[in-house]
Amino acid sequence: MSKFQLKWGILATGGIAESFGRDLSVNPETRERNDIEHVVVAAASSTSADRAQAYLKEVSAPDSAKAYGSYKELVSDLNVDIIYVATPHSHHYQNVMLALEAGKNVLCEKALTVNAAQTEALIKKAREEDLFFMEAVWTRYFPISIYARETASSGTLGTVERTFADLAFSMPPETSFDPKNRMVNPDLAGGALLDLGIYALTWVFQSLYTVQKNPKPPTVVSAVRKWESGVDQQTSMLLTFPRDKEGDAHGIATTGMRCATDPDSNGHAPAVRIQGDKGELMVFHPAFRPTRTKLVLKDGTVEEKNWPQPGPGKGSGFRNGFGGNFHPEGEGMGMFWEADECAHALKEGRKEGKFESLNESLVIMKVMDEVRRQNGMKLPDKIETTDYPVDL
Ligand SMILES: NC(=O)C1=CN([C@@H]2O[C@H](COP(=O)(O)OP(=O)(O)OC[C@H]3O[C@@H](n4cnc5c(N)ncnc54)[C@H](OP(=O)(O)O)[C@@H]3O)[C@@H](O)[C@H]2O)C=CC1
Ligand SMILES: O=C1OC[C@@H](O)[C@H](O)[C@H]1O
C-alpha cells in the first residue's frame, strides 16, 4: 500500500518545535498508523538560517530539508504541504495569516490566538482559501482522551454533572522567570490562562461540550490574581453548560503558577475528575500529557489504566520545563497523534481536526476573552489587533 506523505514546514525553532520535530521522526507504524508518513522538508528561524539548519539536524530531518532565515521564505516553499506554527501566543495571528495568505495548510500551537476576534478572522481566511486549519491541542488526539470522551458519553458514569480540571505548577513568577520570559511577558501574551489554563478548559470542554449532540456555549464566572506585569498568575473559572434534557452541567477549570496540581510532579494527584451520578473518571497529572486513569463507580468497580506513549523516543523535558519528567526515555512525547490527524484530514480532504472543531476552538477563545474582560486583563494593542500585517 502506498503511504500518504505529509511534508512539514516548521515555523520557529524553540522548545516545542524541537519536541514536535522529534516526534515527527517516530515511525507511525509504532502506533499502528500504517497509511501515512511525516517528513520535515523545511524549517525557518527568525533568528537566522543557521539556527534553522541546526534545528533540522536536531530533529533528524533529511539532508535535503531547506533552512530559511525568515518565515516568509518558508511559507513560499512550494514543497511544503503544511506549516506548524510554534511561536509565542502573541505571534500566532500574524504567523498563521502569513501562511494562509501563501496558500498553506496550518497546524498552530495553543492558544490559537490571543482573542476570539483573531481566531474568527483566521477561520474566515482558512475557509475562503479552502485550507486545513487546526489548533494544536495535542492532548485531544491521545488515546487516553478518546477513552475519556467515550467514558463520559457512554453512560458509564451515568449523567455527567460536573468536571474539575486543573493545570498548575509551583513556579512563583518572582523567582522562576526573567520578566522577558514568555510565561510572564505581556508582549508575548504571557500568563497562566493562555498557556496552561487552556488545558484545564480542554478537559472541561471535552467531557461536557465535545460529547454533546447539540452543544451550546457555556457561561463563565471567574477570579484572577494578577502578576505585576499585568498577566494572570492564578485563575479560577466556573463554567455552566446548558443542556436540553439533563439540566446544566458545571465545569471548574483552574490554573496557576503559585501552587501545583501535583506537588512532586509524579502523577500522584488527579488533574481531572469527570463526575456523574454513577461514578467518576480520574485523569492523573499532568493534564497536557496524562498517562494514567482511574474509573471508580458506585457499584464497586475500580479500573486503573496506564496509557504510555508509544516510542521509541529520546525522553526529554520541555525546554521551559518546570519540574517533573513528563517524557520518559523510550517513549514518544505524544505530539505525533495531532500530526497524524493532520495527515488523515488532508488525505481525506477534511479542513478541520476531528476532535476539536474550529468552532469549538472559537468558543473556548470566547470563554478566555470573557475571563480577561471580567478581570480587566488587556494585552498590548499591537498583539490584540486583527490588523495584518503588523510588525511585532
Ligand atoms: N503543546 C505543548 O505541550 C506545548 C506548547 N507550547 C506552545 O508553543 C508555543 C511556543 O512555546 P515554546 O516553544 O515553549 O517557546 P520558546 O520561547 O521556546 O520558542 C518560541 C520560538 O518562537 C520564535 N519567536 C519569534 N518571535 C519571537 C519573539 N519575539 N520572542 C520569542 N520567540 C520568538 C523563536 O524561534 P526562531 O528564533 O526560530 O524564530 C523562538 O525560539 C506557545 O504557543 C506555547 O503555548 C509550548 C510548550 C509546550
Ligand atoms: O503547552 C504547554 O504544556 C506544557 C507546559 O510546560 C508549557 O508551558 C505549555 O506551553
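In each ligand, atom 1 is the first atom listed, and ligand 1 is the first ligand listed. Throughout, numbering of the chain's residues begins at 1 and tracks the sequence. Quick caveat: nothing in here was measured; it's all calculated off a predicted structure.
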Trainee: Can you confirm if the NZ or CZ of R140 lies within 45° of the ring axis of F355 and under 6.0 Å from the centre of its six-membered ring?
Mentor: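 The answer is no, since R140 fails at least one limit relative to F355.
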
Trainee: May I ask you to list the atoms of ligand 1 that are less than 4.0 angstrom from any heavy atom of Y71?
Mentor: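 Matching atoms, with element in brackets: 23 (C), 24 (N), 25 (C), 35 (O), 36 (P), 39 (O).
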
Trainee: Given Y199, F288, F169, identify the one with the heavy atom nearest to atom 1 (O) of ligand 2.
Mentor: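 Checking each option, the heavy atom nearest atom 1 (O) of ligand 2 is found in Y199.
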
Trainee: Can you sort out which atoms of ligand 1 are near S46, meaning under 4.0 Å from one of its heavy atoms?
Mentor: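 Checking each atom against S46, I get 25 (C), 36 (P), 37 (O), 38 (O), 39 (O).
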
Trainee: Going by distance alone, is a donor N or O of one side chain under 3.5 Å from an acceptor N or O of the other, for D248 and T240?
Mentor: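 No, because no side-chain N or O of D248 sits under 3.5 Å from a partner of the opposite role on T240.
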
Trainee: Checking contacts here: is it the side chain or the backbone of R182 that comes within 4.0 Å of ligand 2, counting heavy atoms only? Could be both or neither.
Mentor: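 Answer for R182: side chain.
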
Trainee: I need the atoms of ligand 1 closer than 4.0 Å to a non-hydrogen atom of S45, numbered in the order shown.
Mentor: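 Atoms satisfying the 4.0 Å criterion: 36 (P), 37 (O), 38 (O), 39 (O).
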
Trainee: Under 4.0 Å from a heavy atom of H89: which atoms of ligand 1 are those, numbered in the order shown and with their elements?
Mentor: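 Near H89, the atoms of ligand 1 are 42 (C), 43 (O), 44 (C), 45 (O).
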
Trainee: For a side chain to side chain contact (heavy atoms under 4.5 Å, CB included) with M335, tell me which candidate from D23, V26, T139, L24 qualifies.
Mentor: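 Looking at D23, V26, T139, L24, the match for M335 under the side chain to side chain contact (heavy atoms under 4.5 Å, CB included) is D23.
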
Trainee: Using a heavy-atom cut-off of under 4.0 Å, does the side chain or the backbone of L194 touch ligand 1, or both, or neither?
Mentor: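 No part of L194 comes within reach of ligand 1.
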
Trainee: For the aromatic rings, using the six-membered ring if either is Trp, is the centroid distance between F336 and Y141 under 6.0 Å?
Mentor: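 Centroid distance F336-Y141: not below 6.0 Å, so no.
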
Trainee: Please tell me if the side chains of V371 and L193 come closer than 4.5 Å, counting only heavy atoms from C-beta onward.
Mentor: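 Yes, at least one pair of side-chain atoms sits under 4.5 Å.
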
Trainee: Would you check the N or O atoms of L188, main chain and side chain alike, for any that come under 3.5 Å of an N or O of ligand 1?
Mentor: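 No, since none of the N or O atoms of L188 sits under 3.5 Å from an N or O of ligand 1.
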
Trainee: Examine the proximity of ligand 1 to L392 and report which part, side chain or backbone, both or neither, has a heavy atom under 4.0 Å away.
Mentor: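 For L392, no heavy atom sits under 4.0 Å from ligand 1.
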
Trainee: Is there a donor-acceptor contact under 3.5 Å linking the side chains of W203 and T163?
Mentor: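 No - no donor-acceptor pair under 3.5 Å links their side chains.
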
Trainee: Between W138 and F142, is the gap from one ring center to the other below 6.0 Å?
Mentor: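 Ring centres of F142 and W138 closer than 6.0 Å.
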
Trainee: Closer than 4.0 angstrom, basic N to acidic O: yes or no for K347 and D35?
Mentor: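 Judged by the 4.0 Å cut-off on N to carboxylate O distance, K347 and D35 do form a salt bridge.
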
Trainee: Strictly under 4.0 Å, does any heavy atom of Y199 approach an atom of ligand 1?
Mentor: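 Yes, Y199 has a heavy atom closer than 4.0 Å to ligand 1.
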
Trainee: Supply the members, apart from I83, of the Ile/Leu/Val/Met/Phe/Trp/Tyr cluster built from side-chain contacts under 4.5 Å; use none for a lone residue.
Mentor: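 Its cluster mates, by chain and number, are L11, V39, V41, Y68, Y71, L74, V75, V80, V85, Y93, V96, M97, L98, L100, V106, L112, L122, I123, L131, F133, L358, L362, Y388.
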
Trainee: Among the heavy atoms of F20, does any lie under 4.0 Å from an atom of ligand 1?
Mentor: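 Checking ligand 1 against F20, which is what was asked, there is no heavy-atom contact under 4.0 Å.
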
Trainee: Out of all atoms in ligand 2, which are within 4.0 Å of some heavy atom of K110? Include the element for each.
Mentor: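 Close to K110: 1 (O), 2 (C), 9 (C), 10 (O).
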
Trainee: With M183 as reference, evaluate V231, L196, D178 under the side chain to side chain contact (heavy atoms under 4.5 Å, CB included) test and give the passing residue.
Mentor: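 Of the listed residues V231, L196, D178, the side chain to side chain contact (heavy atoms under 4.5 Å, CB included) partner of M183 is L196.
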
Trainee: Applying a strict 4.0 Å limit to heavy atoms, is W138 in contact with ligand 1?
Mentor: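 Contact check W138 vs ligand 1: positive.
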
Trainee: For ligand 1, indicate whether the residue A86 contacts it via side chain, backbone, both or neither (heavy-atom separation under 4.0 Å).
Mentor: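 The part of A86 near ligand 1 is the backbone, not the side chain.
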
Trainee: Which of the numbered atoms in ligand 1 are under 4.0 angstrom from any heavy atom belonging to T47?
Mentor: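 Numbered from 1, ligand 1 contributes 36 (P), 37 (O).
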
Trainee: Does ligand 1 have any atom that is closer than 4.0 Å to a heavy atom of H92?
Mentor: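 It does, in that a heavy atom of H92 comes within the 4.0 Å cut-off of ligand 1.
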
Trainee: State which residues pass salt bridge (charged side-chain N to carboxylate O under 4.0 Å, His left out) with D391; sequence neighbours excluded, sorted by chain then number.
Mentor: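 Per chain and number, D391 pairs via salt bridge (charged side-chain N to carboxylate O under 4.0 Å, His left out) with no residue.
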
Trainee: Under 4.0 angstrom from ligand 1, any heavy atom of M335?
Mentor: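 In this structure, M335 qualifies as a contact of ligand 1 - some heavy atom is under 4.0 Å.
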
